[in-house]
Protein chains: 2
Amino acid sequence: MVVTLKDIANRIGKSVTTVSRALHDYNDVSPETKELVHQVAEEMGYSPNTLAQRLQKRQSDTIGLILPTFGPRFSDPFFSELLAGIGNKAVSLGYDLLVSTSSPGERELQIYKKMVNGRRVDGFIVVRTRKEDRRVEYLLEKDFPFVAFGRVGINNEFPYVDEDGAYGMRSIAKHLVTLGFTNIGCIAPDPQLTFASSRVDGLRAGLTDHGITLDEDYVCIGDLTQSGGYKQANCLLDKLHPPSAIVACNDLMAFGAMSAIQDRGLIVGEDVAVTGFDDIPMAEHTHPPLTTVHQPVYQIGGMVCEMLIKRIQGVPMDDEHLVLKPSLIVRKSCGEK
Amino acid sequence: MVVTLKDIANRIGKSVTTVSRALHDYNDVSPETKELVHQVAEEMGYSPNTLAQRLQKRQSDTIGLILPTFGPRFSDPFFSELLAGIGNKAVSLGYDLLVSTSSPGERELQIYKKMVNGRRVDGFIVVRTRKEDRRVEYLLEKDFPFVAFGRVGINNEFPYVDEDGAYGMRSIAKHLVTLGFTNIGCIAPDPQLTFASSRVDGLRAGLTDHGITLDEDYVCIGDLTQSGGYKQANCLLDKLHPPSAIVACNDLMAFGAMSAIQDRGLIVGEDVAVTGFDDIPMAEHTHPPLTTVHQPVYQIGGMVCEMLIKRIQGVPMDDEHLVLKPSLIVRKSCGEK
DNA sequence: GTAGTTTTCCAAAACGTTTTGGAAACAATT
DNA sequence: AATTGTTTCCAAAACGTTTTGGAAAACTAC
């Protein structure tokens, strides 16, 4: 049924070794034999059994990505773009991508362990890092190759790519202050996430630089979805002195905030300003278009993937720690300039 | 370094066979030996090498999913939800999920071939089917297991799950007619996609039922992204007699249409009605909330995954062809009730 | 004590590759 | 003619499992 090296060998009356070496173009096989082997292999429709090759190589040529989903309806455009970036780079470098999904927690860690123990993958890409991250602790302890998108609370002794969230938020702060906003609310992510602090702290620092303090009562915590942004924006708007600008820590929550504002008959960009973070493609076509901070997510996917493969193959990386400066994208959600 | 059966066997002075059988709880191993094996295995931290097991079983226990991405910035919440549905079901049934990304075309087919020939996966989930679909032709010809989400133009002799797009669109048509709309525009997907016709035809039929004809000039083709919806809505609105209702064939394009309307100072739901299709989570929190047709994408992911695994294992399926009736979700983008 | 049965074990083969370490055949050099 | 070198090949081992087909040892029944 399925053609193996042995079948080819039997057919041409040579050994399996010779067939294998002929196909790999070793120079201890005569040109005539090579020609014959290639021809017969082609004719019989031979393709090597990847599993056998991998067992022999003791490499799975596969990288693992476990997406942290929150709730069953996981629907985040950010991750689909990251996935495309990782996936395309992986195929171009000859690696498979093994994807799993799990909400953070014990089950998630079990999946990592299962993959490591069963040698199913050669390394991981860890995304949405947390301040105390069991995943990176585990992988570090096992000395298992991985590259993270994001950093952890302490001891970042592993390769990562991260964006300078504080810098991005300072840009936002400066932009808002320049436009005259002083009463500012913020929708932050779960504080266990590393990027929560860097972004919120960046915002606070940026405002302080201009003599404005961010009231802690005006920092709400959302779940990074549009629905979460909607709810938290409502909290903010229900206050006695509602903020005139809402800084959401990702675009999805910013969209929710915009809806909350509009549902009250207020106009985004006139009555209340809104900003986001990430610059997902949808941000360009909301009404009004969202002022946000751009992260090259697709490219980042490619970068982490490439770094991981270098790590796996023992090729030195140009730079183990990459921190990208995100850029402010001014659109119209904070009013016309 | 890594513990194998042989290590355990050496340590306790038994054969590899016995250790293997003890771990699998065969009854030709004495209780004492079993106990000992388990204990030592535990102590040495043994985990079987998945690659070796798979080679021996001649099964990869892996299912393949190749996402058709359009352009580098692939950012579709629909697919992340589907992925979560497939992924969670796969781990719960002990399968790995191999994900790749490619834009439709020759390269895409190459990826399928590579996976099939190298026996890297035991089956595929094919998504976003086309009327003439090289992928299903290929898999059918190779008699390789797969389950599709969606149908093809002719000869649907393979297991699939699909939604009744025509039915969904008829609901939309009826809803709009009931609300008094007569001048209707449509933003359709690429007509090569199977669901393009079923949806547009369904709309047309639904309108005809109520004595309204869908003007072909009022059917534009969008690329299923928000940006595409924005552009095509503008085309529609630029007409001499612009439609008073825009029916988009997915939610993302509906969002774009809403922005286009709002950018002209018009009010969605008052001046122009908009409808979508899919009911992605974001649809609930746009302004106004989007009237659309609900597809249980997460569940569908689980279903196709389960069907595929049955197909792979030769277990008969309850039903090889599942066509789901989507339900109309009335919100506010066509005006208050 | 013998024949049969049950319990417990294992060597060897198999899965499909790649690598190792020669060996045979022939040619070139002294 | 003996030595060295080159070309071409391959048997065997290895990767880490599981399965097959016994076989030895220990009981059971008469």
Side-chain angles (χ1 to χ4, degrees), chain A residues 1-38 40-41 44-62 94 96 114-122, chain B residues 1-38 40-41 44-62 94 96 114-122:
Chain A
M1 179 61 233
V2 167
V3 183
T4 69
L5 286 183
K6 204 196 224 175
D7 298 324
I8 301 178
N10 288 342
R11 164 86 162 268
I12 64 173
K14 303 260 160 176
S15 74
V16 168
T17 308
T18 301
V19 175
S20 171
R21 314 207 105 216
L23 290 172
H24 286 88
D25 210 31
Y26 277 67
N27 59 7
D28 63 354
V29 181
S30 77
E32 300 79 42
T33 310
K34 270 186 197 169
E35 177 57 32
L36 179 64
V37 167
H38 276 102
V40 172
M44 298 178 80
Y46 170 77
S47 279
N49 181 315
T50 328
L51 253 36
Q53 287 181 315
R54 288 175 177 176
L55 174 60
Q56 152 71 31
K57 273 200 303 185
R58 257 138 309 177
Q59 289 247 350
S60 64
D61 289 346
T62 302
D96 281 347
K114 197 173 66 180
M115 304 249 170
V116 170
N117 290 331
R119 273 80 86 207
R120 296 197 209 192
V121 300
D122 295 338
Chain B
M1 181 56 234
V2 166
V3 183
T4 69
L5 286 183
K6 203 196 225 176
D7 298 325
I8 301 179
N10 289 341
R11 164 89 161 267
I12 64 173
K14 303 257 161 179
S15 76
V16 167
T17 307
T18 301
V19 174
S20 172
R21 313 207 103 216
L23 290 171
H24 285 88
D25 210 31
Y26 277 67
N27 59 8
D28 64 353
V29 181
S30 76
E32 301 79 44
T33 311
K34 270 185 195 168
E35 177 58 31
L36 179 63
V37 167
H38 277 103
V40 171
M44 298 177 80
Y46 170 76
S47 274
N49 182 315
T50 329
L51 253 37
Q53 288 181 314
R54 289 175 176 175
L55 173 59
Q56 152 70 31
K57 273 201 302 185
R58 259 140 305 174
Q59 289 249 352
S60 65
D61 289 345
T62 302
D96 281 346
K114 199 172 65 179
M115 303 249 171
V116 170
N117 290 331
R119 273 79 87 206
R120 296 198 209 191
V121 299
D122 295 336

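Numbers restart at 1 for each chain; the letters A, B, ... are given by sequence-line order, proteins then strands.
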| Does A/Y46 have a side-chain nitrogen or oxygen under 4.0 Å from the phosphate oxygens OP1 or OP2 of C/dT17? | yes
| query | Looking only at side-chain N and O atoms, does B/S20 come under 4.0 Å of OP1 or OP2 in D/dT17? | reply | no
Identify the pairs formed between an N or O of the protein and an N or O of nucleotides 26-28 of chain C at a distance under 3.5 Å, and give each distance.
none

| query | Is there a residue in residues 48-60 of chain A whose heavy atoms reach under 4.0 Å of DNA chain C, and which residues are they? | reply | A/P48, A/N49, A/A52, A/Q53, A/Q56
Just the rounded figure in Å: distance from [atom2] of [N] to [atom1] of [X].
| X | N | atom1 | atom2 | value |
| --- | --- | --- | --- | --- |
| A/K6 | D/dA11 | NZ | P | 12 Å |
| B/Y26 | D/dG21 | OH | P | 14 Å |
| B/N10 | C/dC10 | CG | P | 12 Å |

| said: Suppose the criterion is side chain to side chain donor-acceptor pair (under 3.5 Å): which pairs have a residue in residues 47-57 of chain A, not counting sequence neighbours? | reply: A/R54-A/D96, A/K57-A/D61
Report the residues that fulfil salt bridge (Lys or Arg N to Asp or Glu O under 4.0 Å) with [X], sequence neighbours left out, ordered by chain and then residue number.
| X | answer |
| --- | --- |
| A/D7 | none |
| B/K34 | B/D25 |
| B/R58 | none |
| A/R119 | none |

| note | Given the options A/I8, A/V29, A/T33, A/K14 meets side-chain contact (heavy atoms from CB on, under 4.5 Å) only with A/T33
Could you work out, with side chain to side chain donor-acceptor pair (under 3.5 Å) as the rule, every residue matching [X], not counting sequence neighbours?
| X | value |
| --- | --- |
| B/D28 | B/R21 |
| B/T62 | none |
| A/S15 | A/T18 |

| task | Under 4.0 Å between any heavy atoms, over every strand shown, what does A/T17 touch: base, sugar-phosphate, or nothing? Just pick one. | result | base
| request: Answer whether the closest heavy-atom distance between the side chains of A/V40 and A/Y46 falls below 4.5 Å. | output: no
Look for any protein N or O under 3.5 Å of an N or O in nucleotides 5-9 of chain C and output each such pair with its distance, or none.
from	atom 1	to	atom 2	distance (Å)
C/dC9	OP1	B/K14	NZ	2.8
C/dC9	OP1	B/T33	OG1	2.9
C/dC9	OP2	B/S30	N	3.1
C/dC9	OP2	B/S30	OG	3.3
C/dC9	OP2	B/T33	OG1	2.9
C/dC9	N4	B/D28	OD2	3.0

| Bend angle of the helix from C/dG1-D/dC30 to C/dT30-D/dA1, from helix axes over five pairs at each end, nearest 10° | 60°
